There are 2 protein chains.
Amino acid sequence: MSELIRIIIVEDDDDVREGLRILINGSEGYSCPMACSTGEEALKVIPVHQPQVVLMDINLPGMNGIECVVCIKNTWPEIQVMMLTVFDNTDDIFKSLTAGATGYLLKKTPPAKLLDAISELVNGGSPMSGEIARKVVQTFSNPAIHRIPESNLTAREEEILSYLSKGFLYKEIAAELFISIETVRTHIRKIYQKLQVRTRTEALLMCMKH
Amino acid sequence: MSELIRIIIVEDDDDVREGLRILINGSEGYSCPMACSTGEEALKVIPVHQPQVVLMDINLPGMNGIECVVCIKNTWPEIQVMMLTVFDNTDDIFKSLTAGATGYLLKKTPPAKLLDAISELVNGGSPMSGEIARKVVQTFSNPAIHRIPESNLTAREEEILSYLSKGFLYKEIAAELFISIETVRTHIRKIYQKLQVRTRTEALLMCMKH
DNA sequence: TCAAATATCACATGAAAGGGTGATTGACAG
DNA sequence: CTGTCAATCACCCTTTCATGTGATATTTGA
């Protein structure tokens with residue numbers, strides 16, 4: 001990187017905060033002019049130090065980290081915020097990203113990786129710890145029904161059931177599998193018989209029990 | 001990694017395909033027993049080689065890469081699919097992730113990074129090129145695509161949704177709540193609007209995402 | 001206090017789902 | 001060779017669902 005990256009830390013644990021600060025100030029190309037222990041403090045010092053990056057803990061006394069991100073991004077949208085927290089709580093992840101954070105690391109991240117992540121952040125990336133990234137990606141995929149133990153469904157029937165459980169219309173299933181809608185209906189009738197259900201939703205619930 | 005990772009490549013460009021194959025087979029811990037040039041071919045050879053990972057190009061002759069991912073995840077949900085493509089086209093990204101891909105790299109990724117990404121993939125991560133990750137993350141701040149969390153359902157609407165997701169018929173819900181079936185309809189219409197879905201099953205899937 | 005949100009109900013229309021019956025083809029086992 | 005089963009398709013019919021366009025009463029909040 002050609003320029004110095006100025007980073008502000010927001011973290012209430014004294015040891016962690018000082019550790020990070022020392023790490024950053026000891027690394028070439030990175031600088032941490034300020035390390036705050038509360039969100040309120042951060043909002044005050046940001047105009048003074050004009051950082052490109054904020055490292056943000058979530059659990060803070062007073063204003064929490066996510067609220068703080070909202071304020072930061074409202075006022076200084078060009079600042080990149082990276083969450084830095086202990087837990088991979090799904091709710092926190094999505095709230096943080098919705099608030100405008102563009103990176104999300106767990107505190108167990110080794111120092112070298114943390115510095116890499118910061119530089120990736122200012123270069124237009126969105127560094128995330130592996131398990132975080134997986135959770136984010138999985139919000140896009142629909143839950144699929146894969147296998148139902150001890151139901152005598154044929155391979156074809158299971159295949160059709162999996163489409164059924166994803167909300168496909170009959171005609172969409174037909175198009176997807178290159179068969180007639182009548183064939184789809186025939187299969188579904190047999191599926192319902194075997195599973196002892198009468199509707200698509202009941203079939204889905206039946207699958208989910210296993 | 002303790003075990004050998006078996007990888008199948010699906011890529012129509014001969015040079016790229018062979019290059020990847022040589023790279024993988026020349027690296028300790030990785031093995032590429034097969035490299036296909038079409039999705040159809042991949043679906044045939046997967047049961048033979050039982051890979052943990054599939055590297056998938058998007059632009060393929062015949063079945064395209066995204067359709068191929070749908071088939072793969074339907075049949076072998078445990079296989080991790082990484083998209084490997086030249087462009088960072090937003091639409092392709094989301095379609096791929098929706099189809100069940102859990103990694104997404106650009107072809108410009110250097111060899112060492114590619115191998116790292118594959119091992120991250122089998123270890124529960126979701127490696128993405130920086131610009132891809134950023135696009136994914138930004139969908140959360142874009143209310144159009146990811147408006148999930150507080151969906152503003154009223155108490156009554158949630159109540160009706162819960163019956164709906166248990167498979168109750170409209171008239172059963174009406175009877176249960178001592179209201180007219182027309183009222184049930186009205187509530188469900190508003191629920192669908194708020195959740196941005198069109199059918200009962202889609203609503204149920206939406207609920208299950210939390 | 002007045003507007004907005006909520007909960008209730010009605011009528012109408014077309015699409016989708018579910019159920020019954022029956023038929024053809026191919027594969028496989030006895 | 002023959003019967004069974006899986007997969008395919010075609011009618012028929014009824015019910016349920018999804019959506020549009022209304023309306024009225026009650027509650028809430030700014």
Side-chain angles (χ1 to χ4, degrees), chain A residues 142-209, chain B residues 40 43-44 47 63 70-71 74-75 143 147-208:
Chain A
N142 288 319
I145 302 308
H146 300 306
R147 200 190 314 273
I148 305 93
E150 98 259 346
S151 60
N152 317 307
L153 296 185
T154 66
R156 193 56 155 175
E157 284 162 0
E158 289 222 20
E159 191 177 9
I160 283 173
L161 177 56
S162 92
Y163 282 104
L164 203 61
S165 69
K166 285 178 199 153
F168 281 62
L169 302 181
Y170 286 10
K171 59 178 168 188
E172 289 171 340
I173 301 176
E176 202 71 23
L177 298 177
F178 305 104
I179 56 179
S180 150
I181 195 172
E182 290 300 330
T183 309
V184 174
R185 281 158 36 70
T186 305
H187 283 303
I188 289 174
R189 231 173 284 134
K190 298 207 72 174
I191 292 170
Y192 288 176
Q193 277 172 20
K194 289 183 182 176
L195 295 183
Q196 288 288 294
V197 296
R198 282 167 25 259
T199 67
R200 176 198 293 250
T201 312
E202 283 178 23
L204 216 172
L205 293 173
M206 175 72 72
C207 293
M208 293 193 314
K209 282 185 187 166
Chain B
E40 290 83 353
L43 296 177
K44 280 186 205 153
M63 166 188 273
V70 173
C71 292
N74 268 333
T75 318
R147 80 285 58 159
I148 304 173
E150 279 73 50
S151 33
N152 316 322
L153 293 186
T154 67
R156 194 57 155 174
E157 284 162 0
E158 290 222 21
E159 190 177 9
I160 283 171
L161 177 56
S162 89
Y163 283 104
L164 201 63
S165 64
K166 284 175 195 149
F168 281 63
L169 302 179
Y170 287 10
K171 61 177 168 186
E172 289 170 341
I173 300 176
E176 204 71 22
L177 298 176
F178 304 104
I179 56 178
S180 149
I181 193 170
E182 290 299 330
T183 309
V184 175
R185 271 192 225 292
T186 306
H187 283 304
I188 288 173
R189 211 177 301 133
K190 299 208 73 178
I191 292 170
Y192 286 179
Q193 276 173 20
K194 290 183 181 177
L195 296 183
Q196 288 288 293
V197 296
R198 281 166 28 259
T199 67
R200 176 199 293 251
T201 311
E202 282 178 20
L204 212 174
L205 294 174
M206 181 69 72
C207 293
M208 293 196 319

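Numbers restart at 1 for each chain; the letters A, B, ... are given by sequence-line order, proteins then strands. Quick note: numbers below take in every heavy atom, side chains included, and nothing from hydrogens, waters or symmetry partners. Remember, it's a predicted structure, so these values are computed and weren't measured experimentally.
Rounded to an integer number of Å, the gap from A:Leu195 CG to C:dG18 P is 13 Å.
Along DNA chain D, the stretch of nucleotides lying under 4.0 Å from any heavy atom of chain A spans, 5' to 3', D:dA6 to D:dC12.
Distance check: A:Ile173 CD1 to A:His187 NE2 gives 10.5 Å after rounding to the nearest 0.5 Å. Rounding to the nearest 0.5 Å gives a distance of 11.5 Å between CG of B:Leu153 and OG of B:Ser162. In this structure, B:Ile188 CD1 and B:Leu164 CG are separated by 4.5 Å, a value rounded to the nearest 0.5 Å. Rounded to the nearest 0.5 angstrom, A:Ile191 CD1 and A:Thr154 OG1 are separated by 7.5 Å. To the nearest 0.5 Å, the span separating CG on A:Leu195 from CD on A:Glu157 amounts to 9.0 Å. Taken to the nearest 0.5 Å, the CD atom of A:Glu159 stands 5.0 Å off from the CG atom of A:Leu177.
Within residues 159-181 of chain B, the residues having any heavy atom under 4.0 Å from DNA chain D are, by residue number, B:Leu169, B:Tyr170, B:Lys171.
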Between the protein and nucleotides 20-24 of chain C, are there any N/O to N/O pairs under 3.5 Å, and if so, what are the atom names and distances?
from	atom 1	to	atom 2	distance (Å)
C:dG20	O6	A:Arg189	NH2	3.4
C:dT21	O4	A:Arg189	NH1	3.2

What's touching nucleotides 25-30 of chain C from the protein side, N or O pairs under 3.5 Å?
none

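For the pair A:Leu161 and A:Cys207, the tightest heavy-atom approach, listed with the atom from each and the gap, is CD2-SG, 3.6 Å. Between B:Ala174 and B:Ser180 the shortest heavy-atom distance is CB-C, 3.9 Å. When all heavy atoms of A:Gly167 and B:Leu205 are compared, the closest pair comes out as N-CD1, 4.3 Å.
In this structure, the side chain of B:Tyr192 engages the main chain of B:Arg200 through a donor-acceptor pair within 3.5 Å.
For the OP1/OP2 pair of C:dA7 and a distance below 4.0 Å, the side-chain nitrogens and oxygens of B:Thr154 include at least one atom meeting the criterion.
For A:Arg189, there are no salt bridge (Lys or Arg N to Asp or Glu O under 4.0 Å) partners at least two apart in sequence or on another chain.
Sorted by first and then second residue, the salt bridge (Lys or Arg N to Asp or Glu O under 4.0 Å) pairs with a member in residues 172-184 of chain B read B:Glu182-B:Arg185; sequence neighbours excluded.
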